Structures are given as C-alpha cells and as structure tokens.
Q: 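One structure is given below, represented as structure tokens, and several questions about it will come after.
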Amino acid sequence: MENTRVRFAPSPTGELHIGGVRTALFNWLFTRNRGGRMILRIDDTDKQRSSPVFLDTIIRSMQWLGLNWDEGPQIETEGGQDSYFQSERQAIYEEEAQRLLDEKKAYYCFCTAEELQAEKERQRRVKQPPRYSGRCRNLTSAEREKLKEDNSFVIRLLMPQEGTTVVRDLIRGEVTFDHTNFDDFIIVRSDGLPTYNFASVVDDYKMGITHVIRAEEHLSNTPRQQILAQRLGYNIPQYAHVPMILAPDHSKLSKRHGATSVQEYRKMGILPEALINYLALLGWSPGDDREIMTIEEMIELFSLEKVSRNPAIFDLDKLIWLNGHYLRTMELQTIAERARPFFQENAEIWATCRESRLEIEDVIDLVRDRVKTLREIVDASTYFYLEDFSYDEKGTKKHFRKGTGDILKKVAEVLEQTEPFTADVIKKELQRLSKELKISPAKINLPVRLAVTGRTMGPDLFDIISLLGKEKVLARFKKVEELFFKEPNGV
RNA sequence: GGCCCCUUCGUCUAAUCGGUGAGGACACCAGCCUUUCAAGCUGGCAGCAGGGGUUCAAAUCCCCUAGGGGUCACCA
C-alpha cells in the first residue's frame, strides 16, 4: 500500500466549525486506519480575514478532540515542509505561476472589478451563465507591458474550451464535467497572493497528499483543480467528497440554528468523546448496528466506502444523549477532572468546594446519572455546597403541609441518634420510623428531600443525607422549621 | 438560470451478486423498576419521494418528474 498522506486545511477566518471538524475527523480516521500521516495546513491566503486568534482556537479545538497531526504547526518534522502556512509559502506559488506564464498556460488580465461586474450583470440579464469573456487572452506582449505600467492585474489560467474532465471520487464514483462550463479562473490575485484553487493544488502536490478528503461543496471546483494540476505537470491525488452537514430546516448550518463551533460545544459541557462519536455517525456508519464506539474501534472500522452520499442533518438531541451516556459510563476521576472547570466558573460554589470536605467526585457520582452535560453537573450539585438555596415553590405547597413539621421533627430526632451515619443505616431508620408512625415512606421522604435539598427530585435521598453529614442535615431541618413551621401556638 | 451531487421512519442510518415480516439508534408514547427524578429493561408508533419501465421477482437496475443541497468570487 502506498504511504497515505491526508491533509486538513482550515482557514483561520473563524472558529473551527462543526462541519470542519467532521471533515478533519474523517481524514484522521482514514489515515490512522491505514497507518498514514495527517498533515495540518493553514490556508491563510485571505490576508484580510485571517487572524491569529482563530488559528489559536482551531488548534486548541483539534487538540481538545484528540485529532493530532504528524506535520503542521507546532510540530518539528524531519524532512517536512519549511512551513505549513500558505502565507509563508509565497515564493513557491510565485515560481509555479511564473512557470505557467512562461509556458503560455496562464495570462495576465487587466480587467477591473467594475468591468467584470458589469459583464456579469449583462450576462445575467440575458440569462447567460456568468463567465469571464477571455478578453485579455490575446493581448500582445507590447500591449501587456504597457498595461502593466500603471494597472493592477491578476493571473488567469487558460482553460480548455472543449472536451470533458472526469473526477473520480471515492465516495461518488465518476463525475463528468463539460469544459464549456468553465471560464479562465483567477489563480493569482491583484495583491500577488494565490487564490484557494491555486495554492491548494500546488500545496497538495508539494506536500505529497495522496487523498483529498473534503466537504462536498468543493466537488464543483475539483475539475478546475485537476486541469490546473495537469497544466503544472502534477499527478492528481484521489478525491473523496463527504456530504455536508445541514441544519434541521435543511439549510446550511449557521449561528441562528444554535452552536456551530467546537468551542461552543465544549462550553456547553459536551465531552470530546461524545462529540467525536456523534460526528463519526453523521455520514458514516460501521456497517453493523454499533453506535457507541471507542476511538480505536472507529479507526479500525473506518472506510470511505461506508461514507454516505447524502447530506446529514445535525441532531442535537442525539449528541446530548451520547454525552449523557459517556458522562455516566466513563471513569469517575476523568469526569471529575472535566467537570472541575465548570465548578470553577461559579465563584461561590468553588469557594465552598475548596474548603468543604465534600469531595467533588462523591457529589458527581451521585448526580451524574441525572444530567446530560458537564454544565448540568454543577446545577445539580449546588445544594451540596451552598446553604442559602431556595425551596421549590410547588414542592413546598405540596409537601409542606399541616403535620409535616411534626414529621420532620421526628425525623430529625431519629437522624440525630443514627450511627454510623451511612446511607444504609439512615434508610433503615427512616423505614422504621414510617412503620412506627404508620405513614407511607413517601410521606416522610418527599418532605425530607425538600427540606434537605430545596428540590423535589434528585439522587437517592439517603445518599444525599449521608454525604452531607449529620451536622449540615440537622441544621437544614432547623432552618426549615423556622421558615415554614414556626407558629405562635405550635403545629 | 447553467452545471454537479443527493433522495429508506420526524432525525442519523442498515439491508453481501435484485428474493428481508425493510433492521438498529435518537426523539416520542406506554409498562416495569422505585422514596423523587433519572438511568436501566420491555414493548409501541413511524419509512423505501412520485411515475414509468426491465425482471418470475426491484428499496436495490434503467428512464422521467418532483424536492433538497452545492457551485458558477481577486472566500475557502
């Protein structure tokens, strides 16, 4: 087997998008499956929109997800490229552009943006496809030199006027394009920088890329790139165009549909394991009924043949479900580490967290079955750390009734005597009390839960009581008595 | 508008060379479990875009129509 080399080439003009990561993931799974190499290249030829801030967040997103690369930024590679930033590879593009110019495969174009705009308008009015006329194709060298003196120019590739180009796509099969659809596209902009189509083709070749796996939106560009590669005398890589990810309304995924960037999902409390697993399932399936897979399984099972051809709709519900699954099945230690930053965000909780003897692990162990994100873990844990929580209004109406005060008083008496203060013993004691008072366990447990946590739902009550400890629990009973049951003539 | 891609439950998908009661998962509903809420378990609802062919037999092959998406930038 050839040495597989794939690349993921984001442009640092925004956060790492959910569609982008899926593409990165498929590249990564593919090359890891074949023992190949993953190259991270930064396509920053758009000087205006590129920013180091975005570069930073893209790299951090990749690292967070564990999508590592063998060549690219932050990696020293023996025998690798001098740079994996297109902005630092200008000399290469200039050389290749000059070669095309010398061989008359490309030419200078002096048309202004206004002229081209007007041309397109005209074509649109007569319902013609917008194409460049090729006006500057046949300038004489004298004309050209004269124009170059005081006009800006771009370089265009001379495209064939007839014939067809066939793209052999690993996912879609052979796709044929008629050359009459193409006009002479720009390969070097007026500022001297290469366009995407040009830089990408040059770099894919210079970097020895064997498989170009990218989003379907690039399929229409591929014949242009193949022709360009041919003009440059390059071998073309194999192509695979993966389907796009769409929003629930079938439109392109955008901010108005909710979170679109990896960082947003991280901040929501999504685990990288869950995001990876979910994304892998979006447009790919292992062929059997498996849904939950380790990264090793995914690597082993991945193949481009199993990638679907139709666009997939992003289903947040399923991602959340997977996240819940990982939350309750992964190592408690790991979950605690991942949850810690979310606790730290809440200064008040974090302060008590640190001085409290309540281990965060113990709390998480109790609540993680009931939540779906890391962020929700904190919400579900507040009453373990804070004393001034409020009491659920509906709950108090329902469970704090006449006579409840007496019951709570009895419970408090029992708990005071309970030793050891473990969930098992507490449970037995309260069961005994319920028999003794001839009332159902619910009549005791529901008001007790409300008194201790302020809520009507949550983890096992006896676990909560035991974990909080006798002192805190009794104090909370006392507080409830004063807040709800203190009347002049007693209850 | 031209060109290109796509079309199985609401959503993600499975179904070796055409022969299946069209399978799984999320969501939804019901039951079980139970001190609450979850989780878990069990069951249920729900699909081959439409129309023509080819064939003994079509989700699967061919054609047409419709719908969705992409592209036609000095953005990638």
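We name chains A, B, ... by the order of the sequence lines, and we start the count at 1 in each one. This one's a predicted model, so the numbers in the text were calculated from it and none came from an experiment.
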Q: Under 4.0 Å between a side-chain N/O of Asn197(A) and OP1 or OP2 of A73(B), yes or no?
A: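 Negative; the distance criterion is not met.
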Q: Base, sugar-phosphate alone, or nothing: which one does Lys372(A) contact when heavy atoms must sit under 4.0 Å apart?
A: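 Sugar-phosphate contact only - Lys372(A) comes under 4.0 Å of backbone atoms but never of a base.
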Q: Contact class for Pro248(A) vs. all strands (heavy atom < 4.0 Å): base, sugar-phosphate, or nothing?
A: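 No contact.
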Q: Using side-chain heavy atoms (C-beta onward) and a distance below 4.5 Å, is Ser200(A) in contact with Arg41(A)?
A: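 Yes, their side chains come closer than 4.5 Å.
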Q: Taking the minimum atom-to-atom distance to the side chain of Asn310(A), which one of C74(B), U11(B), U7(B) wins?
A: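 Taking heavy atoms from C-beta onward, the closest nucleotide is U7(B).
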Q: Please determine whether a side-chain nitrogen or oxygen atom of Arg328(A) lies at a distance below 4.0 Å from atom OP1 or OP2 of A38(B).
A: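 Checking Arg328(A) against A38(B): no side-chain N or O falls below 4.0 Å of OP1 or OP2.
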Q: When you measure only distances, ignoring hydrogens and angles, does the side chain of Arg370(A) come within 3.5 Å of the base of C37(B) through a donor and an acceptor?
A: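 Under the 3.5 Å cut-off, the side chain and the base do form a donor-acceptor pair.
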Q: Please confirm whether any donor atom in the side chain of Ser190(A) sits under 3.5 Å from an acceptor in the base of C74(B), or the reverse.
A: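 Present.
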Q: Which is true for Asn221(A) with a 4.0 Å heavy-atom rule: it touches a base, it touches only sugar-phosphate, or it touches nothing?
A: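 Base, at least one base heavy atom under 4.0 Å.
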Q: Between Leu219(A) and Gly287(A), which residue's closest nucleotide on RNA chain B lies nearer the 5′ terminus?
A: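 Comparing both residues, the 5'-ward one is Leu219(A).
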Q: Taking CD1 from Ile335(A) and P from A39(B), how many angstroms apart are they, rounded to a whole number?
A: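 Computing the Ile335(A):CD1 to A39(B):P distance gives 17 Å.
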Q: For His218(A), which contact category applies under a 4.0 Å heavy-atom criterion: base, sugar-phosphate, or nothing?
A: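 The answer is base, as His218(A) lies within the cut-off (heavy atoms under 4.0 Å) of a base atom.
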Q: Under 4.0 Å: is that the gap between some side-chain N or O of Ser200(A) and OP1 or OP2 of A76(B)?
A: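 It does not, given that no N or O in the side chain of Ser200(A) lies less than 4.0 Å from OP1 or OP2 of A76(B).
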Q: Which nucleotide wins on minimum distance to the side chain of Lys120(A), given the candidates A73(B), U35(B), U71(B)?
A: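 Looking only at heavy atoms from C-beta outward on Lys120(A), the closest nucleotide is A73(B).
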Q: Just N and O in the side chain of Ser285(A): are any of them under 4.0 Å from OP1 or OP2 of A14(B)?
A: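 True: Ser285(A) side-chain N/O within range (under 4.0 Å) of A14(B) OP1/OP2.
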Q: Contact class for Lys47(A) vs. all strands (heavy atom < 4.0 Å): base, sugar-phosphate, or nothing?
A: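 No contact.
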Q: Does some side-chain heavy atom of Leu232(A) sit less than 4.5 Å from a side-chain heavy atom of Tyr205(A)?
A: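 Tyr205(A) vs Leu232(A): side chains apart.
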